[in-house]
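Numbered from 1 within each chain, the chains take letters A, B, ... in sequence-line order.
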Amino acid sequence: MSIIRLFFLCVLAIGFLYFPALLVFAKIAAPEKSLGSIVNGPDGKPVGSRLVAQAFISPGYFHPRPSAVDYNGQGAAGSNLSPTNPALAERAAAIAKSYDASAGNPISADLVTASGSGLDPDITLAAALYQIPRVGNARGITSEQLRSVIDTVKRPLMGKLGGPELVNVLELNLALDRISR
Amino acid sequence: MHPFIPSLAFIVIALGVSWPLSRWLFRAVVPPAGIGRFDKVLATLLGKSALTSGSWKRYFIQLVGFNAVMFAVTWAIMSNQQHLPLNPDGQGPVDTSLVFNTTVSFVTNTNLQHYSGESTYSYLTQLTLMFLQFTSAATGIAAFFALARGLAGKKDMGGFPRDLARIVVLFLIPLAAIFSAGYILSGIPMTLEGAASVTTLEGLTQTIARGPVSAFLAIKQLGTNGGGFFGPNSTHPLEGAGIISNFLSLLAIPIIPMACVWVFGRIVGRPKHALVIAAVMSAFIVLKIAVATTGETSPTAAFANLPVAESPNLEGKELRFGATTGPLWSVLTTSTSNGSVGAMHNSLNPLTLLAPFSGMWLNSTFGGVGVGFINFFLFMIIAIFIAGLMVGRTPEYLGKKIEAREMALAAAAFIIHPLLILGGTALFAATSMGADTVANAGPRGFSEILYEFSSAAANNGSGLEGLGDGTTAWNIATGIVMLLGRYLPIVIPLAIAGSLALKPQVAESSGTLRTDTATFGLVTFAVILFLGALTFLPVALLGPILEHLMVPI
């Protein structure tokens with residue numbers, strides 16, 4: 001039966017050539033990234049992945065975007081709320097209230113919307129700046145100091161090509177811990 | 001900048017890449033000397049019979065036989081994953097109706113997923129699904145080559161084993177390896193180690209699922225498969241790490257379907273005809289991009305009276321992909337029957353949804369690898385027939401008369417798609433099987449059901465997630481729809497091509513509707529638009545349009 005043999009030829013080519021070759025390539029070319037871009041803390045122990053958002057609740061840390069799955073790295077998902085679902089406005093209103101947002105000082109939209117994965121590691125620059133008063137109060141450091149930490153971490157969306165500035169929350173909080181505990 | 005402009009530039013880039021790719025694909029399947037070196041290897045490995053070619057019937061029987069083997073092996077592995085190796089995270093047994101649904105889903109190139117990969121399947125099962133992403137894509141491309149040979153007037157439509165082996169080994173594997181390497185370098189994981197456990201800065205434990213994602217991702221995108229390694233597909237940061245991996249994915253989605261159009265022009269020896277087809281398909285894509293980008297740059301209506309800074313709709317979107325990705329991806333993934341997502345479709349603004357919906361309803365504006373062109377062929381036959389009626393002449397396509405037998409087959413093939421979508425939606429919307437499973441109330445809930453059946457019938461695989469589609473009823477119903485939506489639209493056009501191939505060639509005259517003209521393009525465009533609108537406008541009104549009208553402005 002040529003069909004059965006064809007099947008095994010495909011198994012051989014895909015499972016025993018393509019797949020292992022890429023595993024080897026990844027180990028050589030990108031050993032750290034291929035394991036999930038794990039970041040180590042000051043004590044050398046892994047504290048998270050640079051690419052995956054983790055929960056920050058305490059006022060002394062910058063907070064990531066809301067997550068529909070509470071930052072579950074093993075069960076990522078979005079809220080799947082439609083724009084006409086009242087739950088979407090209720091969540092946004094509650095978060096805006098916790099920041100004392102007002103029409104004159106509106107909260108950045110990314111801080112009230114859940115990402116598709118629930119694991120978005122970034123916030124916009126505006127969202128980082130918006131959190132400065134709370135973080136400064138909790139840590140007892142000045143806005144200028146916080147602003148300069150944010151400036152070291154922020155990067156444009158498209159790297160050298162520019163684009164809107166984003167801030168990686170885990171990197172920001174690690175940098176923050178280095179200047180004040 | 002309005003995201004329409006970079007989106008348009010992107011389509012031009014993708015078309016540019018598809019041209020050299022089409023030359024590679026053509027040469028991979030049709031060696032210059034008729035029989036290539038690789039064929040000698042095949043003759044040794046598969047037996048001499050693997051190189052013989054024959055009628056469309058023989059071709060289709062071998063195609064179905066091969067797909068049946070894929071089905072059986074996957075079923076066996078998936079339903080025994082808890083006893084098998086490569087399961088570092090200890091994934092348990094899987095419900096039988098889900099085994100049926102997932103197996104059908106990946107064999108038919110659909111990749112509808114009623115599960116979350118990182119919490120359901122072992123690495124071995126995921127690897128098996130990746131295998132199917134290669135072989136199901138190659139199945140579609142092979143069927144396309146058979147059709148094109150028939151339309152070129154050859155009674156002998158080729159041999160399936162030879163075509164499939166050549167497509168997998170000489171085309172898909174090297175191409176996927178290139179994309180995979182790009183993904184690895186851009187930060188997508190590629191490892192057999194189980195989930196990473198970390199202690200966060202606030203002292204909590206976070207377990208981060210990972211795996212051999214890069215190898216999976218490349219063929220997921222290239223083969224218009226779309227099934228994610230992780231539940232939320234390419235929105236997951238380990239499946240869409242940043243702007244570079246995002247660009248690779250967006251590019252990988254349309255290039256093979258685009259290349260198929262150029263290959264067709266080459267096989268039938270009519271490059272200008274292929275150009276007209278590509279222009280019609282591209283026109284639909286541009287229209288849909290206009291709808292989607294306009295829809296998504298509108299702010300979310302939900303925040304109208306809240307102290308939230310004005311912004312495009314960010315719910316269900318990842319910041320690192322930028323504002324262009326969400327709407328552009330939603331168009332590309334549904335135009336091509338890919339089904340991967342770069343933003344959660346259920347959080348798209350109501351009118352934006354019209355773009356992915358129409359992509360799946362037409363399912364031929366580039367369409368799935370190979371099969372998208374086959375669907376477009378059906379529309380062309382109908383367009384030529386209607387044009388023939390208008391001028392009172394026997395319609396012809398590529399020098400062959402289209403007569404009652406072909407038209408009956410084309411009409412039957414055309415009706416299957418709406419029948420599966422509208423019939424399934426009616427049944428599930430009217431009963432608790434569907435009504436009890438929706439995540440959002442009102443018209444969006446109706447859209448969720450409609451989307452699930454559209455996606456299954458179009459072999460797309462995306463969804464308005466949140467719908468509780470893990471039930472036995474959903475698993476079985478969409479499983480059946482995927483099977484019918486896959487094999488009927490392959491076998492019927494093959495039969496038409498087989499029938500046309502047997503007819504004598506008629507000379508072109510001044511009365512012939514030439515297929516390489518703007519007139520032909522316009523007629524085809526209009527027929528697709530009107531047939532699509534007549535079939536699906538009522539449900540579009542009940543779903544996205546009604547929801548838009550309910551938004552307080």
Side-chain angles (χ1 to χ4, degrees), chain A residues 2-3 5-7 9-10 13-14 18-19 22-23 25-26 29-30 33-38 46-49 51-52 54-55 58 73-78 80-85 88-89 92-93 96 101-103 106-110 112-113 115-117 119-122 157-158 166 173, chain B residues 45-47 49-50 65-66 69 118-119 131 134-135 161 165 168-169 173 180 184-185 187 189-191 196 198 200-201 206-210 215 230-232 235-237 241 243 300-303 306-309 311 314-316 318-320 322 343-344 346 349 439-440 444 465-466 547 550:
Chain A
S2 63
I3 287 296
R5 288 197 204 170
L6 175 66
F7 182 82
L9 171 69
C10 291
I14 296 163
Y18 170 81
F19 188 72
L22 287 165
L23 277 175
F25 175 79
K33 287 178 185 166
S34 67
L35 288 170
S37 305
I38 302 295
V47 293
S49 164
L51 294 173
V52 177
Q54 57 180 248
S58 66
Q74 263 184 321
N80 296 311
L81 295 176
S82 93
T84 49
N85 194 321
L88 190 62
S102 62
I107 187 169
S108 177
D110 55 315
V112 301
T113 49
S115 69
S117 59
L119 300 174
D120 192 340
D122 302 312
L157 179 68
M158 292 189 289
L166 296 182
N173 286 331
Chain B
L45 292 175
L46 307 183
S49 68
F66 182 69
V69 177
E118 67 266 44
S119 56
F131 173 82
F134 276 100
T135 51
V168 168
V169 177
I173 287 181
S180 236
I184 288 168
L185 296 175
M190 182 68 197
T191 177
V198 300
T200 69
L201 290 187
Q206 189 186 30
T207 309
I208 300 168
R210 51 188 174 178
F230 299 108
T235 67
H236 194 294
I243 204 80
T300 311
F303 302 157
L306 295 175
V308 175
S311 116
L314 285 179
E315 185 70 21
E318 307 288 308
L319 295 176
R320 65 193 173 284
M344 299 318 279
N346 213 354
N349 284 331
N440 292 285
R444 179 63 68 122
E465 297 306 332
E547 189 187 5
M550 285 169 60

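- Across all non-hydrogen atoms, the minimal contact from B/E118 to B/P232 is OE2-CD, 4.1 Å.
- Proximity to chain A involves both the backbone and the side chain of B/F131, based on heavy atoms less than 4.5 angstrom apart.
- Annotation: maximal heavy-atom pairing with chain A below 4.5 Å, among B/S311, B/A196, B/G187, B/G231, occurs at B/G187.
- Across all their heavy atoms, B/A215 and A/Y18 have their closest contact at O-OH, 2.7 Å.
- Distance check: B/E318 CD to A/D110 CG gives 11.5 Å after rounding to the nearest 0.5 Å.
- For B/I243, the part sitting under 4.5 Å from any heavy atom of chain A is the side chain, from C-beta outward, and nothing else.
- Both the backbone and the side chain of B/T207 come within contact range of chain A, each with at least one heavy atom under 4.5 Å from a heavy atom of that chain.
- Listed by chain and number, the residues in a ring-ring contact (aromatic ring centres under 6.0 Å, His included) with B/F66 are B/F160 (sequence neighbours excluded).
- Between chain A and the residues B/N349, B/I184, B/T135, B/L201, the most heavy-atom pairs under 4.5 angstrom are made by B/L201.
- One distance of note links CG of A/L166 with CZ of B/R320; it measures 10.0 Å at 0.5 Å rounding.
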Test side-chain contact (heavy atoms from CB on, under 4.5 Å) applied to B/E465 and B/N346, step by step: CA-CA 6 Å; B/E465 297 306 332; B/N346 213 354; 5.6 Å; no
Verdict with supporting geometry, B/I208 and B/V198, side-chain contact (heavy atoms from CB on, under 4.5 Å): CA-CA 8 Å; B/I208 300 168; B/V198 300; 4.3 Å; yes
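- B/L319 contributes atom CG, which lies 7.0 Å from atom OG1 of A/T113 (distance to the nearest 0.5 angstrom).
- The contact between B/T300 and chain A is made entirely by side chain atoms (from C-beta outward), counting heavy-atom distances below 4.5 Å.
- Side-chain contact between A/S49 and A/I38: present, with at least one pair of heavy atoms (C-beta onward) separated by less than 4.5 Å.
- Ranking A/P83, A/P46, A/A89 against chain B, the residue ahead of the rest is A/P83, based on heavy-atom pairs under 4.5 Å.
- Residues B/F303 and A/L88 meet the side-chain proximity criterion, which asks for heavy atoms closer than 4.5 Å.
- Contacts between A/S82 and chain B at a heavy-atom distance below 4.5 Å involve backbone atoms as well as side-chain atoms.
- Note that the CZ atom of A/F7 and the OG atom of A/S2 stand 14.0 Å from one another [nearest 0.5 Å].
- The contact between A/L9 and chain B is made entirely by side chain atoms (from C-beta outward), counting heavy-atom distances below 4.5 Å.
- Taking A/N173, A/V112, A/L81, A/V52 one by one and counting their heavy-atom pairs under 4.5 Å with chain B, the maximum is reached by A/L81.
- Interface remark: of the candidates B/A302, B/P237, B/G466, B/P237 forms the most heavy-atom pairs closer than 4.5 Å to chain A.
- Heavy-atom distances place both the backbone and the side chain of A/A93 under 4.5 Å from chain B.
- Between the OG atom in A/S117 and the NE2 atom in B/H236 there is a gap of 6.5 Å [rounded to 0.5 Å].
- The part of B/R444 that comes within reach of chain A is its side chain, from C-beta onward, which places non-hydrogen atoms under 4.5 angstrom from that chain.
- Chain B forms the most heavy-atom pairs under 4.5 Å with one residue out of A/G73, A/G116, A/A26, A/C10, and that residue is A/G116.
- Looking only at heavy-atom pairs under 4.5 Å with chain B, the residue among A/A29, A/G75, A/S108, A/S37 that has the most is A/G75.
- Contact count versus chain A (heavy atoms, under 4.5 Å) is highest, among B/L314, B/T191, B/V168, B/L306, for B/L314.
- Comparing B/A241, B/A50, B/S180 by how many heavy-atom pairs each has under 4.5 Å with chain A, the most go to B/S180.
- Put simply, CG on A/L51 and NZ on A/K33 are 9.5 Å apart, with the number rounded to the nearest 0.5 Å.
- Only the side chain of B/Q206 comes within contact range of chain A, with heavy atoms under 4.5 Å apart.
- For chain B, the option among A/A30, A/A109, A/G78 with the highest count of heavy-atom pairs below 4.5 Å is A/A109.
- When the candidates A/G48, A/A76, A/G36 are compared by the number of heavy-atom contacts under 4.5 Å with chain B, A/A76 comes out ahead.
- Note on B/A439, B/S49, B/A343, B/P161: by heavy-atom pairs under 4.5 Å with chain A, the leading option is B/P161.
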